[in-house]
Amino acid sequence: MADVGRITQVAVVIPVHNEEQLLPRALAAVLSASDALRVNRPDTAVSVLVALDSCTDGSAAVAADLAAEDSRISLLQITFRNVGGSRRAGNRAALLASTRQGLPYASPQLWLANTDADSCVPQGWLLRQLELADGGADAVLGTVEPDPEGTESELLRRWHARHHLGENHAHVHGANLGVRASAYVMAGGFPRLRSHEDRALVERLRQHGAAVWSTDTLRVRTSGRTDARAPQGFAAYLRSLTQEPAPAMEG
């Protein structure tokens, strides 16, 4: 009999609001990570759910074209215009889809891997998360860094000066967060918040005694733009760095 704690299905959830330019690259990175997982764990099924939230650009068409080319991709149309609501709806849809594939709802054998449409995951992203899940993790918190491509050099320097990434870090990013479905449901899922829905979920996971592990072994690159879509999200934080006074010159 298979170990009930071993992951047999993975669902990647990507909320999207007007990301027609960056979405193809984000999906290509996720599919590459899925391919790498399949090589090492051919018995683990992977699906990718794109939650299209109130898109007014070409994101839906881009996603539809990519879904037509790859059966792993499915689409969900929603109208929250809210990242917490988008993540919650996407993960719920993934939970329901897993039941149609033979797993009970909130199964410990389903892993929910969350990222963003303006981010690129590394090739070993899913494989590393499942290695940690096999080791006892109920949730895995990865790190993010601004993508040097498209990020102003001074902003990148300021960011790296304030962020020393490593194991057991204190950061929480919805763009790099994996969680066992049973733990996710136990904690109540992502709340419908416009910002910090990821931190709220992790706080609930810890309150419920879930094993939450933080690692820098699966770092995600995310857009270095400063036009904030979530009021207090990553872009808003980067914008705040640009508004800080430059350090005084020595001499």
Side-chain angles (χ1 to χ4, degrees), residues 10-31 33-34 46-70 72-98 110-121 125 142 144 147 172-179 181 184-185 187-202 204 220-239:
V10 175
V12 181
V13 178
I14 309 174
V16 180
H17 175 66
N18 292 349
E19 295 287 5
E20 63 178 336
Q21 298 298 321
L22 297 177
L23 181 57
R25 190 174 67 161
L27 279 172
V30 166
L31 294 175
S34 174
V46 180
S47 60
V48 181
L49 191 142
V50 179
L52 296 155
D53 186 3
S54 308
C55 294
T56 57
D57 66 348
S59 294
V62 168
D65 288 345
L66 294 170
E69 297 174 1
D70 197 310
R72 289 172 290 184
I73 302 173
S74 62
L75 311 181
L76 176 68
Q77 293 278 1
I78 50 179
T79 56
F80 293 107
R81 201 180 176 93
N82 173 301
V83 66
S86 299
R87 290 199 202 280
R88 185 179 183 88
N91 280 273
R92 183 174 187 276
L95 287 163
L96 292 172
S98 74
L110 171 65
W111 189 259
L112 301 168
N114 290 266
T115 188
D116 285 340
D118 67 343
S119 301
C120 282
V121 305
W125 187 60
V144 305
D147 191 337
V172 179
H173 301 285
N176 195 356
L177 189 158
V179 58
Y184 176 83
V185 172
F190 283 107
R192 298 182 183 89
L193 299 175
R194 295 182 66 201
S195 299
H196 303 321
E197 78 293 338
D198 42 10
R199 297 184 192 177
L201 172 62
V202 170
R204 291 177 181 177
V220 165
R221 285 188 169 181
T222 195
S223 168
R225 66 188 175 198
T226 56
D227 56 322
R229 302 193 178 197
Q232 298 176 32
F234 191 71
Y237 173 69
L238 291 181
R239 185 173 62 191

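Residue indices begin at 1 and follow the sequence shown. Computed over heavy atoms, backbone and side chain alike; hydrogens, waters and symmetry mates excluded. These figures come from a predicted structure and were not determined experimentally.
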Between the side chain of [X] and the main-chain N/O of [Y], is any donor-acceptor distance below 3.5 Å?
X    : Y    : result
T115 : N176 : no
D53  : N82  : yes
N18  : T56  : yes

In Å and rounded to the nearest 0.5 Å, what is the [atom1] to [atom2] distance from [X] to [Y]?
X    : Y    : atom1 : atom2 : value
S223 : Q21  : OG    : CD    : 11.5 Å
H173 : D198 : NE2   : CG    : 8.0 Å
N91  : F190 : CG    : CZ    : 5.5 Å
L49  : L76  : CG    : CG    : 5.5 Å

Worksheet item: Which residues satisfy the salt bridge (Lys or Arg N to Asp or Glu O under 4.0 Å) test with D65, sequence neighbours excluded?
Response: none
Fill in: salt bridge (Lys or Arg N to Asp or Glu O under 4.0 Å): pairs with one or both residues in residues 75-88, sequence neighbours excluded
R87-D116, R87-E197
Worksheet item: With respect to V121, which candidate in V30, T222, V144 satisfies the side-chain contact (heavy atoms from CB on, under 4.5 Å) definition?
Response: V30
Heavy-atom closest pair, residues [X] and [Y]:
X    : Y    : answer
S119 : A175 : OG-CB, 3.8 Å
V220 : C120 : CG1-O, 3.5 Å
S54  : F80  : OG-N, 3.8 Å
D118 : E19  : CB-OE2, 4.0 Å
I78  : S86  : CD1-CA, 3.6 Å
I14  : A117 : CG2-N, 3.6 Å

Residues in side-chain contact (heavy atoms from CB on, under 4.5 Å) with [X], at least two apart?
X   : value
R72 : L31, S34, D35, R38, D70
A63 : L23, V50, L52, L75
R92 : L96, Y105
A11 : S47, A94, L110, L112

Discussion item. I'd like to know whether V12 forms a side-chain contact (heavy atoms from CB on, under 4.5 Å) with W125, so could you lay out the CA-CA distance, the side-chain angles of the two residues, the decisive distance to 0.1 Å, and finally the verdict.
Written reply: CA-CA 11 Å; V12 181; W125 187 60; 4.0 Å; yes
